[in-house]
Amino acid sequence: MLQDKKIALITGAGDGIGSAIAVELAKKNTHVIIAGRCLSNLGNTESKIAKNGGSCSIVQLDMKDFMGIDRLGLQIFKRWKKLDILVSNAAVLGTLTPLHHQKSEEFIEVLNVNLISNQRLIRSLDSLLKNSQNPKAFFLSSDDANPKPFWGAYSVSKAGLNHMVKIWSKENYHNNLSICIVDPGETNTKIRKQAMPGKIFNDSHSPVTVAKSFIDLINSETIFKGEIIKFK
């Protein structure tokens, strides 16, 4: 029964790590709301979930659509009244180039998707998470949040994301909302291939492997307050 399941929202769930987490999480008595820009990619994730006997809802959403993020929170409230798990995974890379070469429009777009949209998610979903008995929020980040030449907007956006999530965690220090930042390491995803063309990844760096580690983290009884969890 759907009403007996936990409710999880995963952004960037059309492919890569987001899709793999959605598939694995749906096996664990969780109804997953899969959000992403590409409807056909979301359909592929939905097919994998259904094949394993899981359930999901598809939300076509561009993370630059801030009003759409607001509406998503309202729709989750109307249908389920709560959100048990948030996995904020959607991100874009932008061009790897010296800062003074990067187009202003692209710099702003990367910040909007990787950073500003997460503030809108927090704003839209905070009360829904607190309606859950055991709420958990995870934000995918990267070691590239450290100052890294030529990674410009991406590095800035992830550094800002880490800082913002830690602030939100401090604001929720005295409740049971578990909040953490996850660095999955170098993983065989579209963004990593874009950044490192020609790099060969082994099975230990596959999205499915990362997703299984993620499920272990979700199942942990630890209440995190802004820690950065790095997968090996």
May I ask you to say whether [X] pairs ionically with [Y], meaning some side-chain N is under 4.0 Å from a carboxylate O?
X	Y	result
Asp143	Lys230	yes
Lys130	Asp126	yes
Lys5	Asp84	no

In this structure, would [X] and [Y] fall into the same cluster of hydrophobic residues linked by side-chain contacts under 4.5 Å?
X	Y	answer
Ile228	Ile167	no
Leu39	Ile49	yes
Ile223	Leu129	no

To the closest 0.5 Å, what do you measure between [atom1] ([X]) and [atom2] ([Y])?
X	Y	atom1	atom2	value
Ile10	Ile17	CD1	CD1	12.0 Å
Gln102	Ile108	CD	CD1	10.5 Å
Asn162	Leu115	CG	CG	10.0 Å
Ser178	Lys225	OG	NZ	7.0 Å
Leu93	Glu106	CG	CD	8.5 Å
Gln60	Ser40	CD	OG	9.0 Å

Sidechain-backbone polar pair: [X] side chain, [Y] backbone, donor-acceptor under 3.5 Å:
X	Y	value
Asn114	Val92	yes
Ser57	Ile33	no
Asn41	Asp15	no

_Geometric class of the Phe138/Phe214 ring pair [parallel <30°, tilted 30-60°, perpendicular >60°]_ =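 Ring orientation of Phe214 relative to Phe138: perpendicular.
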*asked:* Testing the basics here: between Ser88 and Leu121, what is the closest heavy-atom pair and its distance to 0.1 Å?
replied: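 Minimum heavy-atom separation between Ser88 and Leu121: OG-CD1, 3.7 Å.
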*At their closest point, which heavy atom of Ile34 faces which heavy atom of Cys56, and how far apart are they?*
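Reported closest heavy-atom pair: CD1-SG, 4.0 Å.
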*asked:* If only side-chain N and O atoms count, and only distance matters, is there a donor-acceptor pair under 3.5 Å linking Ser220 with Thr222?
replied: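 Yes, side-chain donor-acceptor contact under 3.5 Å.
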Taking atom [atom1] as the centre, does [X] end up with more than 12 heavy-atom neighbours from other residues, nucleotides or ligands that are less than 6.0 angstrom away?
X	atom1	result
Lys170	NZ	no
Lys212	NZ	no
Lys28	NZ	no

